[in-house]
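Encoded as structure tokens, the structure appears first; notes follow it.
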Amino acid sequence: MKDQIFRVEYFAITVEDRPGIGADLGRRLTDEGVNLLALSAFPLAAGKTQVDLIPEHPEAFTRAAKKLSLTLGEPKIAFLIQGSDRPGAMGDVLNRLGAANINVRATSGVCAGDSRYGAILWVNPKDAELASRALGATTMAAHHV
């Protein structure tokens, strides 16, 4: 499988840091028919967690979020990477960005089994266009994951 890199919109929300909050959020989004391509959650401050959500269909997600009274920030750009797992797979991607003088703010990768891997990568918003070109990223509208 050739690596595929998608330019995606993500939405950050802040939730209470307590047991069951992620399960509740997932159930509520599922009930609204929202499919997530990825998510990342991390502690933000005492008692608070930031959750970055990458929906398959951003418009449907924003409608659902409004219905569910979720407070969303403006959508931001991230990159969703899928490909064949091999030594140096993420290094190849990161090298392209480094060669274009783009700083990676955060990344999270995982082996997906069956010799596949996936990752999410974030850059500064001012670098999103240049990163898109350096990575040869396509939009999700052009592909179905």
For Ile5 and Arg96, what are the C-alpha separation, side-chain angles and deciding distance, and is it a side-chain contact (heavy atoms from CB on, under 4.5 Å)?
-> CA-CA 12 Å; Ile5 302 177; Arg96 285 192 256 169; 3.8 Å; yes
Would you call Arg27 and Asp31 a salt bridge, taking side-chain N to carboxylate O under 4.0 Å as the test?
-> yes
Out of curiosity, does Phe79 fall in the hydrophobic cluster containing Val110 (side-chain heavy atoms, cut-off under 4.5 Å, transitive links)?
-> no
Flag yes if Tyr10 and Leu72 sit in one hydrophobic cluster, no otherwise; membership is Ile, Leu, Val, Met, Phe, Trp, Tyr, and two members link when side-chain heavy atoms are under 4.5 Å apart.
-> no
Which atom names give the shortest non-hydrogen contact between Pro55 and Glu9, and what distance separates them?
-> CD-O, 3.6 Å
Find the distance between OH (Tyr117) and CD (Gln82) and round it off to the nearest 0.5 Å.
-> 9.5 Å
If you group Ile, Leu, Val, Met, Phe, Trp and Tyr by side-chain heavy-atom gaps below 4.5 Å, do Val93 and Ile102 land in one group?
-> yes
Reference residue Thr107; test side chain to side chain contact (heavy atoms under 4.5 Å, CB included); the match among Leu97, Leu121, Val123 = Leu121
Roughly how far, to the nearest 0.5 Å, is CZ of Phe6 from OG of Ser132?
-> 13.0 Å
Any ion pair linking Lys67 and Glu32 (charged N to carboxylate O, less than 4.0 Å)?
-> yes
Nearest heavy-atom contact between Ser108 and Trp122 is N-CZ3, 4.2 Å
Under 4.5 Å between any side-chain heavy atoms of Leu25 and Ile13, yes or no?
-> yes
How many angstroms lie between atom SG of Cys111 and atom CG of Asp85, to the nearest 0.5 angstrom?
-> 4.5 Å
Do Asp52 and Phe42 come close enough that some side-chain heavy atom pair is under 4.5 Å?
-> yes
Heavy-atom closest pair (Thr49 atom, Ala41 atom, distance to 0.1 Å) is CG2-CB, 4.0 Å
Partner of Val8 under side chain to side chain contact (heavy atoms under 4.5 Å, CB included), picked from Ile54, Ile77, Ile120, Thr139, is Ile54
Reported OG1-to-CG distance for the pair Thr30 and Asn35, which is rounded to 0.5 angstrom = 8.5 Å
Mind jotting down which residue pairs meet the salt bridge (charged side-chain N to carboxylate O under 4.0 Å, His left out) criterion with at least one end in residues 123-138? Sequence neighbours excluded, please.
-> Arg7-Glu129
Sub-6.0 Å ring centroid separation between Phe61 and Phe11 = yes
Output the distance between atom CG (Asn124) and atom CG (Leu130), rounded to the nearest 0.5 Å.
-> 11.5 Å
Is the number of heavy atoms from other residues, nucleotides or ligands under 6.0 Å of Arg105 CZ greater than 12?
-> no
Look at the side chain of Arg116 and the backbone N and O of Gly83, then say whether any donor-acceptor pair between them is shorter than 3.5 Å.
-> no
Which atom of Ile21 lies closest to which atom of Glu16, heavy atoms considered | CG2-O, 3.3 Å
Hydrophobic cluster identity match, Leu135 and Met90, side-chain contacts under 4.5 Å | yes
Could you tell me which non-hydrogen atom of Asp17 sits nearest to which non-hydrogen atom of Lys48, and how far apart they are?
-> CB-N, 3.8 Å
With distance as the sole test, does Arg86 use its side chain to make a donor-acceptor pair with the main-chain N or O of Ser84 at under 3.5 Å?
-> yes
Spatial distance of atom CG (Leu70) from atom OG1 (Thr14) [nearest 0.5 Å] = 11.0 Å
